[in-house]
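Side chains included, hydrogens not; waters and symmetry mates left out as well; all remaining heavy atoms used. All figures in this text were calculated on a predicted structure; none of them were measured in a lab. Per chain, numbering begins at 1; letters A, B, ... match sequence-line order.
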Number of protein chains: 2
Amino acid sequence: MVPVSALSARPAHPARAQWLDSIIKGDCVAALEALPDHSVDVIFADPPYNLQLNGVLHRPDQSKVDAVDDEWDQFASFEAYDAFTRAWLLACKRVLKPTGTIWVIGSYHNIFRVGAKMQDLGFWLLNDVVWRKTNPMPNFKGRRFQNAHETLIWASPNAEARGYTFNYDAMKAANDDVQMRSDWLFPICSGSERIKGEDGKKVHPTQKPEALLSRILLSSTKPGDVVLDPFMGSGTTGAVAKRLGRHFVGVEREQDYIDAAEKRIAAVEPLGEEMLAPLPGKKTQPRVAFLSLIESGLLAPGDTLTSPKGDHVAVVRADGTLARAKDAGSIHRLGAIVQGQESCNGWTFWHYEEDGNRYPIDRLRGRIRASIAGI
Amino acid sequence: MVPVSALSARPAHPARAQWLDSIIKGDCVAALEALPDHSVDVIFADPPYNLQLNGVLHRPDQSKVDAVDDEWDQFASFEAYDAFTRAWLLACKRVLKPTGTIWVIGSYHNIFRVGAKMQDLGFWLLNDVVWRKTNPMPNFKGRRFQNAHETLIWASPNAEARGYTFNYDAMKAANDDVQMRSDWLFPICSGSERIKGEDGKKVHPTQKPEALLSRILLSSTKPGDVVLDPFMGSGTTGAVAKRLGRHFVGVEREQDYIDAAEKRIAAVEPLGEEMLAPLPGKKTQPRVAFLSLIESGLLAPGDTLTSPKGDHVAVVRADGTLARAKDAGSIHRLGAIVQGQESCNGWTFWHYEEDGNRYPIDRLRGRIRASIAGI
DNA sequence: GCGTGGGGTGAATCCGCGG
DNA sequence: TCCGCGGATTCACCCCACG
């Protein structure tokens, strides 16, 4: 693959490299020295996010949130984090084939710095992809939006790179015959998939779901490709690569993680023909915020809604709440209040008028859903 | 548009500033000199995306894609774009109130650079928010995922900033009584909302949907707040701000855009105050001292209160404290003590008995509040 | 075996006012 | 500006105990 002369000090790449389908212990930059130039097809990197947490956070029920406070996620400054990022990105760039691509995942704490550094180093961004979590942790203090997604960057090693793998047709077929979008919906890793130690506690604080890695590898690799994970952790990349008939190389510093990952990967049974089965489709019907009806113009602030028989009347307000006399709240709360009940499905209780007939606002929700069908 | 005197001396903020509810013509950094320090509550910025397009792109039917190739979106290098970004962010930081927040929207071409620079300048990221497009442009070459979203960054001016506006309760009520997430779904701006010139062509290449601005302003501003848009374009921010009873200031270089925006904003009819009243959350309800329950006769000294399950008992004292054995203190302190916890909401923890049932004393507080409201 | 309710938990940069 | 303290704050899902 690479002429011996090009490597000088490094040994010649054997027919089946020692490092193939194994986890190299060590710091990511140093450990990657074991790999020849241009030797991997795809990289998946889940670097430390550099969370900057102050003190402890409690849930409303007073229980403590088990935060990511591991030593490996601590950096002295943005500058230190940038230097770290630059180093491992450069190491990755060296071992990546010209036809290869790299995926990096992060949150708003680090992904902007990583993305900017990737551009600085000449990587060419192909997409940013949003992993929407079906079950994210709530915001406990009510001071922000629920942080319900993470961001992936997909890039080629340079702007001129051609010939990278993108299984466009497979992705489209897996997505009800429309193009796969840049926003993906998956649950977080939990339940039996979550690797736990003998003490029953999670082995790794940030284990990624196999469904996420599966879509990444199915979209951007071919069977037999070599996938590198420079931050192997609990080994999700290796497990999914093996199952999908791809080779893997992992790098990891902590022996505990290596032990768990090797055991996990050893238990994986590679898929046969089912590998070609399309990815599971959409979940249940998407949630539609009542505010969306106003934002889309189906209702306007000031419009009146009524109960099914018209004996209760409420006014739509700009922020997506309903008001009646002194009471105000969500469509559900106000529906409950006017009926003197504990709860109420506002979608079926509140009605609007059209052509002299009363219809539940659920009808309008149906229109929104119809307009976004197929997403 | 801007009095000359205001540029040099920067006089004290007049009762109603000249620049309020107007569009300042000029380069964003220079024009913002007209505004005093700490004079705006929220900033929405839609800066040039620095798209790097090579050649023309055709659809499968051979029609040409009308790309963003305007002069204002051209930068010589990442360095030039970074310098530009730094300059306008600094100008924005100066005029932003300490309790204010800033929104910036971008795509993968620029948002990573912008986000990193924001962190470098000390902005504290509160959320990244994903605008998922219901109807994004397809990928015509089948070489990438359909680019179906854009990214917004919401930030405060520094990590220590407190007191910014987030209408948590309104957002939650508008979203079926669950927290508003960081992924929002909207159509792109098209149809009658899209501003078109006499030639029938779109006036601005990247006009944002009003629904997007509406959610931004409803979530992070109060009626009467001042909203700055340093890249005003076709004036979406001004139009939505006016409709929602917020003040706006715009900055824009191109006269064509200013003309279109001013005409557009003039046609906007503001919503009535009753449509805009913020949903009162629990935090805004009047504070009731526990002592008031005793003073009003709802509880009497010597009454006993219990924990929800009845396993802890405490006695009400005349001064509005609770006592149990040797311990005494506020309803909150004693609730924390008996549970061995750091803190406790005594209103929901302590219960009283009525008709053989246990109710939280919060129920009595509700009666006090109801009687206050009736005054 | 099945349905139900309670408990646990996940990459989290998570309070604000008054003295 | 700092400190004390009142009191507000969670969604989806999995597992297990129990009837």
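Within the nucleic acid shown, Pro209(A) has no heavy atom closer than 4.0 Å to any nucleic acid atom. When heavy atoms are screened at a 4.0 angstrom cut-off, Gly55(A) is found touching base atoms of the nucleic acid. Glu160(B) comes within 4.0 angstrom of nothing in the nucleic acid, heavy atoms only. At the heavy-atom level, Leu125(B) lies under 4.0 Å from base atoms of the strands shown. Residue contacts for Asp128(B): at a heavy-atom cut-off of 4.0 Å it reaches no nucleic acid atom on any strand shown. Residue Ser107(A) is classed as having no contact, given no heavy-atom separation below 4.0 Å to the nucleic acid. Using a 4.0 Å heavy-atom cutoff across all strands shown, Ser192(A) reaches sugar-phosphate atoms only and no base atom. At a threshold of 4.0 angstrom between heavy atoms, the contacts of Cys344(B) include nucleobase atoms, whether or not backbone atoms are also involved. No contact: Arg181(B) has no heavy atom under 4.0 Å from any strand. In this structure, Val178(B) reaches the sugar-phosphate backbone alone: every heavy-atom distance under 4.0 Å involves primed, P, OP1 or OP2 atoms, never a base. Base contact: Lys208(A) has a heavy atom under 4.0 Å from a base atom. Looking at heavy-atom distances under 4.0 Å, Asn345(B) makes contact with a base.
Here dA12(C) presents its C1' atom at 13 Å from CG of Asn110(A), a figure rounded to the nearest Å. One atom, NE2 of His149(A), and another, P of dA12(C), lie 14 Å apart when rounded to the nearest Å. Counting to the nearest Å, the P atom of dA11(C) and the CD1 atom of Ile105(A) are 10 Å from each other.
For Arg194(A), the listed nucleotide lying nearest its side chain is dG10(C); candidates were dT10(D), dG10(C), dA12(C).
Nucleotides dG10(C) and dT10(D), compared at atom C1', are 12 Å apart to the nearest Å. Rounded to the nearest Å, the gap between the P atom of dC14(C) and that of dA12(D) is 23 Å. Nucleotides dA17(D) and dG1(C) are separated by 15 Å at their C1' atoms, to the nearest Å. Here, dC15(D) and dA11(C) have their P atoms 16 Å apart, quoted to the whole Å. The separation of dC5(D) from dA12(C), taken at their P atoms, amounts to 31 Å, rounded to a whole angstrom.
Proximity of residues 69-82 of chain A to DNA chain D (heavy atom under 4.0 angstrom from any strand atom) is not detected for any residue.
A cation-pi arrangement is found for Arg113(A) relative to Phe78(A), the charged atom lying closer than 6.0 Å to the ring centre and inside a 45° cone about the ring normal. A cation-pi arrangement is present between Arg215(B) and Trp184(B), with the terminal nitrogen or guanidinium carbon under 6.0 Å from the aromatic centre and inside a 45° cone about the axis. Taking the centre and axis of the six-membered ring of Tyr164(B), the NZ or CZ atom of Arg143(A) falls inside the cone set by 45° and 6.0 Å.
Put simply, the side chain of Gln339(B) gets close to the backbone of Gly335(B): a donor and an acceptor are under 3.5 Å apart. With Arg144(A) contributing its side chain and Asn127(B) its backbone, the two residues share no donor-acceptor pair below 3.5 Å. Distance alone, capped at 3.5 Å, places no donor-acceptor pair between the Gln341(B) side chain and the Ala336(B) backbone. A donor-acceptor pair is defined here as one N or O able to donate and one able to accept, closer than 3.5 Å; no such pair exists between the side chain of Gln207(A) and the backbone of Thr236(A). Remark: the backbone N or O of Trp72(A) is not paired with any side-chain donor or acceptor of Asp70(A) at under 3.5 angstrom.
For DNA chain D, each stem of at least three Watson-Crick or G-U pairs (distances under 3.5 Å) is given as range with range: C:2-10 with D:11-19, C:15-19 with D:2-6.
Residue His332(B) has a polar side-chain atom (N or O) positioned under 4.0 Å from OP1 or OP2 of dG7(D).
With 3.5 Å as the limit, one finds no donor-acceptor pair spanning the side chains of Gln119(B) and Tyr81(A).
Taking the side chain to side chain donor-acceptor pair (under 3.5 Å) definition, one finds that Ser292(B) meets it with nothing, sequence neighbours left out. Evaluation of the salt bridge (charged side-chain N to carboxylate O under 4.0 Å, His left out) rule for Asp183(B) yields Arg132(A), Arg181(B) as partners, not counting sequence neighbours.
Ring orientation note: the planes of Phe290(B) and Trp347(B) are nearly perpendicular, at an angle over 60° on the 30°/60° scale. Between Tyr257(A) and His204(A), the ring planes lie tilted relative to each other; the angle falls in the 30° to 60° range.
For the pair Ser190(A) and Gln62(A), nearest-nucleotide mapping onto DNA chain D gives the more 5' position to Gln62(A). Checking Ser330(B) against Gln146(A), the closest nucleotide of DNA chain D that is more toward the 5' end is the one next to Ser330(B).
Of the candidates Ile188(A), Ile105(A), Asp73(A), Val68(A), Thr206(A) forms a side-chain contact (heavy atoms from CB on, under 4.5 Å) with just one, namely Val68(A).
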Where protein sits on nucleotides 14-19 of chain C, one letter per nucleotide: B base, S sugar-phosphate only, - none, heavy atoms under 4.0 Å: BSS---
Pair Ser330(A)-Asp177(B), side-chain hydrogen bond (donor to acceptor under 3.5 Å, both in side chains): steps then yes or no: CA-CA 7 Å; Ser330(A) 71; Asp177(B) 289 323; 2.6 Å; yes
Extract from the structure each pairing of a protein N or O with an N or O of nucleotides 5-9 of chain C at less than 3.5 Å, listing the distance.
none

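In summary, the aromatic rings of Trp103(B) and Trp154(B) are positioned with their centroids under 6.0 Å apart.
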